[in-house]
Trainee: 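Got a structure here, written out as structure tokens. Questions coming.
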Amino acid sequence: MNNLYLDNAATSFPKPKPVADSIYNYILNIGCNVNRGAYSSAYTAENTLFETRELLCNLFNFSIEENVIFTKNITESLNILIKGFIKSGDHIIVSSMEHNAVMRPITSLSKLGVSFSRVPCDNESNLRLDEIENLIKPNTKAIVMTHASNVCGTILPLEIVGDICKKHNLFFIIDSAQTAGFIDVDFEKFNADAIAFTGHKSLMGPQGIGGFLISDRLNCITTPLIEGGTGSLSESESQPDYMPDKFESGTMNLPGIFGLNAALKYINNVGLSSIREKELELTKKFIEEIKNIKEINLIGKQNIEGRTAVVSLDFTSFDNGEISHLLNRDFNIMTRCGLHCAPSAHKTLGTFPRGTVRFSFSHFNTLEEVKYAVNSINDLVKRQ
Ligand SMILES: Cc1ncc(COP(=O)(O)O)c(C=O)c1O
């Protein structure tokens with residue numbers, strides 16, 4: 001088989017063709033900046049920019065278009081959201097499954113006296129909901145949480161976490177990197193104050209475009225990390241305080257926005273639930289077959305309920321890095337091994353520091369490809 005890409009949790013591939021067409025059209029036929037030129041192509045670019053904010057509002061069930069902010073990825077978004085309002089002496093709650101895009105901005109604030117607590121999860125990554133309220137202190141400001149684990153695919157119960165935030169008047173910031181585009185990430189239902197997103201994973205856009213949606217109540221106490229030209233209020237040397245200009249300084253990634261625009265339309269056309277259904281069908285087949293191979297430990301949830309199409313395997317009597325390398329070298333299968341920028345998640349799952357081999361499917365994969373992956377894994381473990 002030619003190259004089989006099973007690393008969609010890192011970045012999705014392939015992208016829908018209209019994504020490439022839209023970027024090509026921007027580069028070839030439009031090419032200009034927004035908010036800076038009074039000519040027709042600038043208006044075309046501005047329309048697409050505005051439409052992309054609308055598409056994101058629809059996707060995340062959010063109603064304030066000007067509070068949809070573009071950044072270069074979810075890492076930048078989470079940095080802005082966390083560092084923009086957390087103050088010296090504040091306390092934050094996270095889950096034990098967080099990616100370093102959440103953990104590193106938080107731990108870097110420890111020099112300001114900011115502390116954090118982790119809500120424990122069990123070894124299937126089920127969140128210990130009963131522990132959350134015990135962790136809330138008088139100085140707790142926010143809960144920051146991923147919607148699904150990038151290591152083992154478990155979906156976290158954010159609706160319940162959102163209710164707890166509401167009850168205790170905490171800000172709720174959601175990392176949607178592993179769910180947006182195939183599961184509802186609902187601003188209203190989750191009682192969110194911010195949803196951070198990245199364009200290049202399950203949203204199927206290009207790399208280099210991401211963003212966040214922010215409530216008015218969080219926005220009014222959040223300061224931008226980057227300030228500069230916005231094409232607006234040019235007579236002033238101070239940053240505009242209105243949205244979206246407050247957080248969008250410097251020339252934007254317009255090829256990225258055009259690509260993301262097409263990706264969001266593609267998701268609308270195919271439908272979130274069809275994408276999810278297809279991914280689960282593939283994941284179910286993979287898990288069922290893998291469970292028959294005794295040399296492998298399936299990490300996290302043992303079935304299809306409450307999970308995404310991300311599957312981590314521990315090849316117990318082998319080196320996981322070597323397995324990932326051999327899958328690529330001998331079978332043209334691309335996976336990701338190691339700790340996946342989520343050391344705490346691996347500690348929770350019992351796979352630290354060994355790491356796992358992660359297989360992550362997209363709806364573009366086929367059952368034949370799943371069978372090929374399983375056969376290749378079988379060949380590998382029998383070879384040793
Ligand atoms: C759960 C989660 N959060 C954040 C990120 C960071 O994404 P990006 O590199 O697009 O900023 C990732 C990507 O690996 C992720 O899986």
Side-chain angles (χ1 to χ4, degrees), residues 5-13 15 56 60 69-83 92 94-108 118-119 121 125 127 143-156 158 161 172-183 185 190 192 194-213 225-226 253 256-257 259-260 263 279 299-300 307-312 334-349 355-362:
Y5 182 79
L6 296 181
D7 196 14
N8 288 278
T11 198
S12 59
F13 180 79
K15 311 291 184 189
L56 287 161
F60 292 110
I69 301 300
F70 290 105
T71 62
K72 65 177 186 292
N73 50 45
I74 197 168
T75 302
E76 184 178 337
S77 303
L78 288 163
N79 270 268
I80 295 169
L81 290 166
I82 293 166
K83 293 178 179 164
I92 307 172
V94 297
S95 81
S96 71
M97 298 306 292
E98 300 307 317
H99 188 275
N100 275 341
V102 166
M103 294 317 301
R104 288 185 175 174
I106 291 178
T107 57
S108 85
R118 287 185 229 264
V119 187
C121 295
S125 167
L127 190 72
I143 298 185
V144 186
M145 206 169 274
T146 187
H147 194 189
S149 164
N150 67 311
V151 176
C152 65
T154 301
I155 299 165
L156 278 71
L158 294 196
V161 179
F172 189 24
I173 298 174
I174 294 172
D175 172 347
S176 75
Q178 292 295 335
T179 51
F182 63 93
I183 298 181
V185 191
F190 290 177
I195 294 178
F197 66 88
T198 205
H200 67 105
K201 295 185 193 266
S202 41
L203 287 178
M204 292 185 270
Q207 292 79 8
I209 187 71
F212 60 90
L213 297 76
L225 283 189
I226 307 277
N253 176 3
I257 287 167
L260 182 61
E279 290 184 1
I299 301 303
R307 63 145 55 246
T308 66
V310 174
V311 182
S312 253
M334 288 168 264
T335 59
R336 173 145 178 230
C337 64
L339 295 173
H340 312 98
C341 300
S344 171
H346 277 279
K347 284 177 188 163
T348 304
L349 297 164
T356 53
V357 186
R358 185 181 71 182
F359 296 75
S360 47
F361 303 97
S362 102

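Residue numbers start at 1 and run along the sequence shown. Start at 1 and go down the list; that is how both ligands and their atoms are numbered. These numbers come from the heavy atoms of this one structure, side chains and all, not from hydrogens, waters or symmetry mates.
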Trainee: Among His147, His200, Glu76, which one puts a heavy atom closest to atom 10 (O) of ligand 1?
Mentor: His200

Trainee: Test your reading of the structure: does Lys201 have an N or O sitting under 3.5 Å from an N or O of ligand 1?
Mentor: yes

Trainee: Tell me which protein heavy atom sits closest to atom 9 (O) of ligand 1, plus the residue, atom name and distance to 0.1 Å.
Mentor: Thr75 OG1, 3.8 Å

Trainee: Can you check whether Ser96's main-chain N or O pairs, donor with acceptor, with Ser344's side chain at less than 3.5 Å?
Mentor: yes

Trainee: Please could you name the atoms of ligand 1 that Thr198 approaches to less than 4.0 Å, counting only its heavy atoms?
Mentor: 8 (P), 10 (O)

Trainee: Taking C-beta and beyond as the side chain, do Leu156 and Ser95 meet within less than 4.5 Å on heavy atoms?
Mentor: yes

Trainee: With a 4.5 Å heavy-atom cut-off, do Phe190 and Val161 have their side chains touching?
Mentor: no

Trainee: Which protein non-hydrogen atom lies closest to atom 16 (O) of ligand 1, naming both residue and atom, and how far is it?
Mentor: Gln178 NE2, 2.7 Å

Trainee: Starting from atom 6 (C) of ligand 1, locate the nearest protein heavy atom and write down its residue, its atom name and how far away it is, to 0.1 Å.
Mentor: Ile74 CG2, 3.4 Å

Trainee: Could you check if a side-chain atom of Thr348 sits within less than 4.5 angstrom of a side-chain atom of Arg118, using non-hydrogen atoms only?
Mentor: no

Trainee: Number the atoms of ligand 1 from 1 as they appear, then name those within less than 4.0 Å of a heavy atom of Thr146, with their elements.
Mentor: 1 (C)

Trainee: Whether the Thr11 and Gln207 side chains hold a donor-acceptor pair (N or O, under 3.5 Å, no angle test) is what I'd like checked.
Mentor: yes

Trainee: Taking only heavy atoms of Asn150, which atoms of ligand 1 are found under 4.0 Å from at least one of them?
Mentor: 16 (O)

Trainee: Any idea which protein heavy atom is nearest atom 1 (C) of ligand 1, and the distance to it?
Mentor: Asp175 OD2, 3.4 Å

Trainee: Looking only at protein heavy atoms, identify the closest one to atom 15 (C) of ligand 1 and say how far it is in Å.
Mentor: His99 CD2, 3.4 Å

Trainee: Met334 versus Tyr5: any side-chain heavy-atom pair under 4.5 Å?
Mentor: yes

Trainee: Going by heavy atoms in the side chains, are Leu6 and Phe361 under 4.5 Å from each other?
Mentor: yes

Trainee: How are the rings of His346 and His340 set relative to one another: parallel (under 30°), tilted (30 to 60°) or perpendicular (over 60°)?
Mentor: parallel

Trainee: Within ligand 1, which atoms have a heavy atom of Ala101 less than 4.0 Å away?
Mentor: 4 (C)

